[in-house]
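Report on the structure given below.
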Amino acid sequence: MLSYTLRRLAGAIPTIFIIVTLTFFMIRLAPGGPFDLERPIDPLIMLNLQRAYGLDQPLWQQYLTYLGNLLQGDLGPSFARRDFTVNDLFAAGLPVSVMLGGLALGLAAVLGTFFGTIAALRQNSWLDYTIVALATFGITTPNFVVAPLLSLIFGVILGVLPAGGWSDADPRYWVLPIVTLALPQVAVIARLVRGATVEALRANHVRTARAYGLPARVVVGVHALRAALLPAVSYLGPTAAALMTGSVVVETIFGIPGIGRYFVQGALGRDYTLVMGTVVVIAIFVVVFNLLVDLAYAWLDPRVRYD
Amino acid sequence: MTDPVLSVRDLRVTFQTNDGPVQAVRGIGFDLGRGETLAIVGESGSGKSQAMMAVMGLLAANGKATGQAVYRDAQAGGRPVDLLALSDRQLNKVRGARITMIFQEPMTSLDPLYRIGDQLAEPLRYHRGLSKAAARPRILDLLRLVGIPEPERRIDSYPHELSGGQRQRVMIAMALANDPDILIADEPTTALDVTIQAQILTLLADLQKRLGMAIVFITHDLGIVRRFADRVAVMRAGEMVETGPAERLFTAPEHPYTRMLLDAEPEGRKEPPPAGAPELLTGRDVRVTFRIGGGLLKRGRDFHAVDGISMRLVQGQTIGVVGESGSGKSTLGRALLRLLPSTGRVAWLGRELPQGAQEMRPLRRELQLVFQDPFGSLSPRMTVGRILGEGLLIHEPDLSPADRARRAEAALVEVGLDPAMRNRYPHEFSGGQRQRIAIARTMILRPKLIVLDEPTSALDRSVQKQIVMLLRDLQGKHGLSYIFISHDLAVVRALSDYILVMRDGRVVEEGPTEMVFDAPREAYTRDLMAAALSRDRFGRLALG
């Protein structure tokens with residue numbers, strides 16, 4: 001298992017390298033540069049700026065410099081926020097995004113599994129139909145609708161939670177963003193778990209468990225649910241990476257200092273290093289969580305074993 | 001006779017379906033004496049399984065059972081309880097403890113995610129209140145009892161680490177864990193190879209002698225129960241048409257349906273082709289190798305599925321390829337048709353068959369294949385007419401749609417189906433009819449050679465017999481050659497004039513059918529014969 005993990009991580013290095021390379025050159029293809037303003041800057045100042053950030057060198061040299069710095073964990077200075085390095089920005093924002101995303105993921109996993117299992121056990125009842133209908137609604141409603149609505153209802157009308165803003169110390173600020181992030185995932189997971197549980201309940205080995213007089217909680221909890229969780233586990237990997245690297249919409253609407261905004265801001269402002277840094281962080285998250293999913297899969301299903 | 005341990009009266013099972021209620025069991029009744037073996041025999045769809053599922057409270061959600069199933073538990077002083085009237089909770093005290101069941105599908109009846117020791121412990125934990133640790137010695141005893149080698153090691157295995165036969169032994173161990181009064185065995189050997197079938201049957205017979213429980217044995221194969229059952233009940237379309245002592249039922253069956261079942265063994269022999277018949281297909285040193293495991297840096301292990309086989313097929317001949325699952329017989333069939341990459345020579349009419357898919361295409365018309373699974377091999381979204389015409393689109397593109405329709409109708413008539421059926425979809429047909437459609441699909445192209453890969457294995461005995469006769473008729477009429485792959489020796493004997501016996505990718509014995517059947521040279525062939533023929537109603541080998 002350990003050697004498998006190490007091999008997978010080693011295998012991820014070329015992947016990340018290719019992503020970094022492609023992104024580096026693709027963003028340079030976009031017209032404009034980090035210091036282009038609506039009003040043209042004095043050419044001499046521009047030249048100085050470019051020299052200060054190394055943009056006057058040939059592209060391949062900039063690329064090699066970036067790779068060299070990246071290997072040392074240095075994501076470079078931000079072009080748009082002159083006083084900060086990209087590392088500084090992520091050091092401040094990433095913990096917020098990871099915490100929000102992680103809590104949202106946990107909430108989605110627990111609620112999704114719960115509702116999915118209930119719906120499967122009461123298949124074709126009104127409860128099942130209600131859950132499936134709500135899940136479809138949850139999947140189809142975009143978060144830029146959900147977020148302002150929640151903010152309006154709980155923040156403004158009821159006034160029980162802050163309508164926006166952020167505090168590291170006060171969990172009341174976390175609730176609405178987490179719920180906004182979690183809702184669509186609850187819906188997806190509930191549907192996945194429902195489908196898999198319906199199937200698992202029909203499996204021959206579940207029939208065996210019933211034929212041997214095992215209590216219903218054992219038949220469902222031990223024999224059906226474990227098999228039913230497998231598809232949801234596969235789904236959680238990429239979802240975890242997506243949630244923990246922040247959401248532009250949620251961060252913008254609630255005013256949260258996460259890293260989700262950086263991707264869009266960086267891309268629009270041609271903040272090359274910020275875009276690159278975001279891509280690298282997301283790539284690492286995807287690689288790590290896919291690996292975790294595969295390890296969890298092997299742990300749940302003994303037929304899948306890596307050596 | 002003391003009170004029967006189980007008395008079923010007027011048992012009816014109804015399923016609510018979209019097409020209205022369907023009665024699967026229509027008022028059956030029988031008694032099961034203590035320590036008795038009752039075989040319930042019938043073809044698929046006769047309701048034999050559903051009747052016992054109803055007794056165990058295991059019907060699907062849309063199924064409902066009425067009537068009575070009175071069980072007398074000796075441990076409870078023989079007090080009668082109607083199982084159909086119990087709640088799930090009450091029923092859970094009986095099933096798995098006093099009445100247990102083993103199923104047809106040994107590969108999937110155990111939970112793939114848990115060690116077999118944990119699964120065997122469950123009936124002991126929930127019925128006797130034993131802890132996992134306390135159950136362990138009992139489980140080891142049980143595994144020994146059912147003949148699992150190295151029980152100390154196997155107890156911690158996962159189901160996928162065991163063979164089908166071993167898994168069925170584990171299921172039997174689970175069934176015996178709480179010393180039941182009744183063991184219901186629902187087609188326990190159908191999914192297993194013949195030699196394994198014989199072992200499992202012997203084991204069940206032996207265990208019954210030692211432990212004295214009553215057995216209800218559900219099967220579609222009358223031959224299998226002859227020496228095994230005390231009494232036999234024959235079911236057809238949800239009704240019991242005949243019950244009686246096994247001996248009488250076999251020697252003097254009363255109901256015509258029972259006689260038909262007894263008579264369903266495929267009969268007749270195939271004459272060998274004339275001596276000067278032209279050579280069609282020759283294989284020399286054919287090998288198929290699969291790489292197992294391996295990765296970027298590691299070399300995998302080579303698995304020789306077909307390991308150097310040579311054979312020669314002449315026009316009008318049928319070569320039967322027999323062997324147990326995993327012996328490589330299907331792989332050989334596919335390699336000979338160039339559906340799998342292989343080494344060695346395969347020549348068709350004296351010319352080497354090309355390896356490339358493109359170059360093979362024009363030859364495909366003469367070299368056809370029929371599969372085992374009549375349900376999976378026909379596209380569910382195409383009408384029978386389109387399925388039949390598909391091959392013509394490729395091999396005779398000049399035909400007009402009307403010509404194709406005419407050819408499809410002719411092909412349906414040839415396989416004994418109504419030509420009007422060409423506008424219907426595969427799901428409207430029974431397994432036997434679908435297999436006829438699959439045969440019509442090959443016949444429409446007027447092939448010279450058909451590889452038949454277990455074409456009768458998924459069918460009931462009486463239907464098998466019809467398909468065998470159809471295949472023989474078509475062969476006589478069109479001078480076809482067959483390579484007939486099967487583990488079912490009775491069918492092979494009725495169809496083939498030459499036999500290859502395969503084991504582990506090699507031919508261990510070959511020769512004319514009569515010679516191989518009457519005087520097998522190899523021990524493996526003899527085992528295979530013994531196991532197969534003990535199922536045969538004319539068999540000489542007794543079980544148990």
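The chains referred to below are lettered A, B, ... by the order of the sequence lines, with proteins before strands, and numbering in each begins at 1. Fair warning: this is a prediction, and the values are worked out from it, not measured in the lab.
At a 4.5 Å heavy-atom cutoff, A:Val206 makes no contact with chain B through either its backbone or its side chain. For chain A, the nearby parts of B:Ala175 are the backbone and the side chain; heavy atoms of each come within less than 4.5 Å. Interface remark: A:Ala203 contributes no atoms to any contact with chain B (heavy atom separation under 4.5 Å). Looking at B:Met107, there are no atoms closer than 4.5 Å to chain A (heavy atoms on both sides), in backbone or side chain. Residue B:Leu91 does not touch chain A at all, counting heavy-atom pairs closer than 4.5 Å.
In summary, the aromatic rings of A:Phe24 and A:Tyr272 are positioned with their centroids too far apart to meet the 6.0 Å limit.
Ranking A:Gln123, A:Arg210, A:Arg207 against chain B, the residue ahead of the rest is A:Arg207, based on heavy-atom pairs under 4.5 Å. Put simply, of A:Ala227, A:Pro215, A:Ala209, A:Ala216, the one with the most heavy-atom pairs under 4.5 Å next to chain B is A:Pro215. Between chain A and the residues B:Met53, B:Arg89, B:Glu122, the largest count of heavy-atom pairs under 4.5 Å involves B:Glu122. Ranked by heavy-atom pairs under 4.5 Å with chain A, the list B:Pro123, B:Pro112, B:Gly57 is led by B:Pro112. Heavy-atom pairs under 4.5 Å with chain A peak, among B:His127, B:Lys93, B:Arg125, B:Met56, at B:His127.
Salt-bridge check for B:Glu187 with B:Lys48: passed, with a basic side-chain N closer than 4.0 Å to an acidic carboxylate O.
Side chains of A:Arg191 and A:Thr136: a donor-acceptor N/O pair is present below 3.5 angstrom, by distance only.
Judged purely by atom type and a 3.5 angstrom limit, B:Gln119 uses its side chain to pair as donor or acceptor with the backbone of B:Tyr114. A:His205 places no side-chain N or O within donor-acceptor distance of the main-chain N or O of A:Ala200, the cut-off being under 3.5 Å. Using modelled atom types, no side-chain atom of B:Tyr158 and backbone atom of B:Asp111 make a donor-acceptor pair closer than 3.5 Å.
No more than 12 heavy-atom neighbours from other residues, nucleotides or ligands sit within 6.0 angstrom of CZ on A:Arg122.
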